[in-house]
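To keep things clear, I will list the structure first and then write my remarks on it.
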Amino acid sequence: MTDESTRAERGEGYAVNAPYYDLIIPREHWDSVADAVTGLLKGARRVAEIGAGTGHFTAALLRALGPDAEIRAIEPARVMRAALVTRLAADPAAERAVTVLPEDALTADPGTDLDAVLLLNLVMHFGPDERARLWRRWADALRPGGLLVVEAQHPQTAEPVAPVVLPGRALGRHRYETLSRADVLDAGRVRWTNTYRTFEGDRLIRAETATFDCHVVSDAVLARELTAAGLTAVPSAPPGLHVWRR
Ligand SMILES: C[S@@+](CC[C@H](N)C(=O)[O-])C[C@H]1O[C@@H](n2cnc3c(N)ncnc32)[C@H](O)[C@@H]1O
């Protein structure tokens, strides 16, 4: 399978998604995930965020952990990294605290042992063999007692997801929304088709579509794989998050 940073270089996937990303993310959900994650990581100092995207959670981490934190923000797709770096460059607290690594999750080297590793909205891009390497690599990068935090995946089985319109935000005269659906590719993957729609008043003025072929990773599969990587589940994790300890 072609990786998403290569697809983005070809103008596919995240290259289509990136200009809309911060306008279409479900803001309340994202803010509640940010609150939960920053609550979990209170007191952490060295954190790697894998697949940081445009940096919504990087900024939240920075606010919560302060300028003495050492955050490694790993983002291989150039178009997403441009947004990430632009966001961080506007924040003086990031200057010393955040290092942006352009490698991918299977090659990036945090250069230090870590108190926590964060993977949000990312795991669907890894097949079973890649996940085995992913978990091993980042479990090993944690200090004993360090936390690995992963967002629960949707859907939990390879099944179609009916089209739904996800309202986004407005910017000036334009309002943004996403029409999203998933179709089954095979027993372990779905293809998400997302159409990013721009409206001026009631008039649709632009629609651009990106597809993402995503691996289905159920909670049970995650638990089995993280156990095999030597991690232990933290009981009563916040809803929607899996929290594992080295
Ligand atoms: C859906 S976005 C999520 C961004 C951010 N974590 C968030 O929740 O807003 C997934 C991100 O993972 C990145 N990504 C995809 N494959 C990756 C890989 N192999 N290693 C690291 N990041 C990857 C993509 O470039 C994209 O920015």
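Residue numbers run from 1 in the order of the sequence given. Whatever order the structure lists them in is the order used to number ligands and atoms, beginning at 1.
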Are any of the N/O atoms in E103 less than 3.5 Å from those in ligand 1? no
Considering heavy atoms of the protein only, find what lies nearest to atom 8 (O) of ligand 1 and give residue, atom and distance to 0.1 Å. F57 CE1, 3.4 Å
Considering only the protein, which heavy-atom contact is closest to atom 13 (C) of ligand 1, and what is its distance? E75 OE1, 3.6 Å
Distance filter under 4.0 Å to A77 heavy atoms, resulting ligand 1 atoms: 25 (O)
For ligand 1 and L120, I'd like to know whether there is a polar contact (N/O to N/O, distance under 3.5 Å). yes
Salt bridge (charged side-chain N to carboxylate O under 4.0 Å, His left out) evaluation trace for E75 with R81: CA-CA 6 Å; E75 179 45 64; R81 200 166 62 249; 6.0 Å; no
I need the T178 OG1 to I25 CD1 distance, nearest 0.5 Å. 10.5 Å
Starting from atom 1 (C) of ligand 1, find the nearest protein heavy-atom neighbour and note its residue, name and distance. Y14 OH, 3.0 Å
Report yes if some heavy atom in the side chain of I24 is under 4.5 Å from a heavy atom in the side chain of N17; otherwise report no. yes
Close side-chain approach of L241 and L120, heavy atoms under 4.5 Å: yes
Are any of the N or O atoms of M80 closer than 3.5 Å to those of ligand 1? no
Aromatic rings Y14 and H125: how do their planes relate, parallel, tilted or perpendicular, breaks at 30° and 60°? perpendicular
Are D68 and R96 close enough that some pair of their side-chain heavy atoms sits under 4.5 Å apart? yes
So, regarding Y21 and ligand 1 (criterion: nitrogen or oxygen to nitrogen or oxygen, under 3.5 Å), is there a contact or not? yes
So which protein heavy atom does atom 18 (C) of ligand 1 come closest to, and at what separation? F126 CZ, 3.6 Å
Heavy atoms only: which of L122, D104, I50 lies closest to atom 23 (C) of ligand 1? L122
Which residue supplies the protein heavy atom nearest to atom 20 (N) of ligand 1, what is that atom called, and how far is it? A105 N, 2.9 Å
For atom 5 (C) of ligand 1, grab the closest protein heavy atom and report residue, atom and distance to one decimal in Å. G51 O, 3.3 Å
Honestly, for E151 the part within reach of ligand 1 (heavy atoms, under 4.0 Å) is neither
Provide the number and element of each atom of ligand 1 under 4.0 Å from a heavy atom of N121. 1 (C), 2 (S), 3 (C), 8 (O), 10 (C)
Per-atom contacts of ligand 1 with G53, taking only distances under 4.0 Å to non-hydrogen atoms: 4 (C), 27 (O)
Short side-chain donor-acceptor distance under 3.5 Å, T209 and T195: yes
Restricting to heavy atoms, the pick from P76, C214, S5 nearest atom 22 (N) of ligand 1 would be P76
So does E151 get a backbone contact from the side chain of Q153, meaning a donor-acceptor N/O pair under 3.5 Å? yes
Expected output: side-chain R137 to main-chain T107 donor-acceptor under 3.5 Å: yes
Tell me whether H125 has any N or O atom under 3.5 angstrom from an N or O of ligand 1. no
When the ring planes of W192 and H154 are compared, do they come out parallel, tilted or perpendicular, using 30° and 60° as the limits? tilted
Does a salt bridge link R175 with E177, judged by any charged N lying under 4.0 Å from a carboxylate O? yes
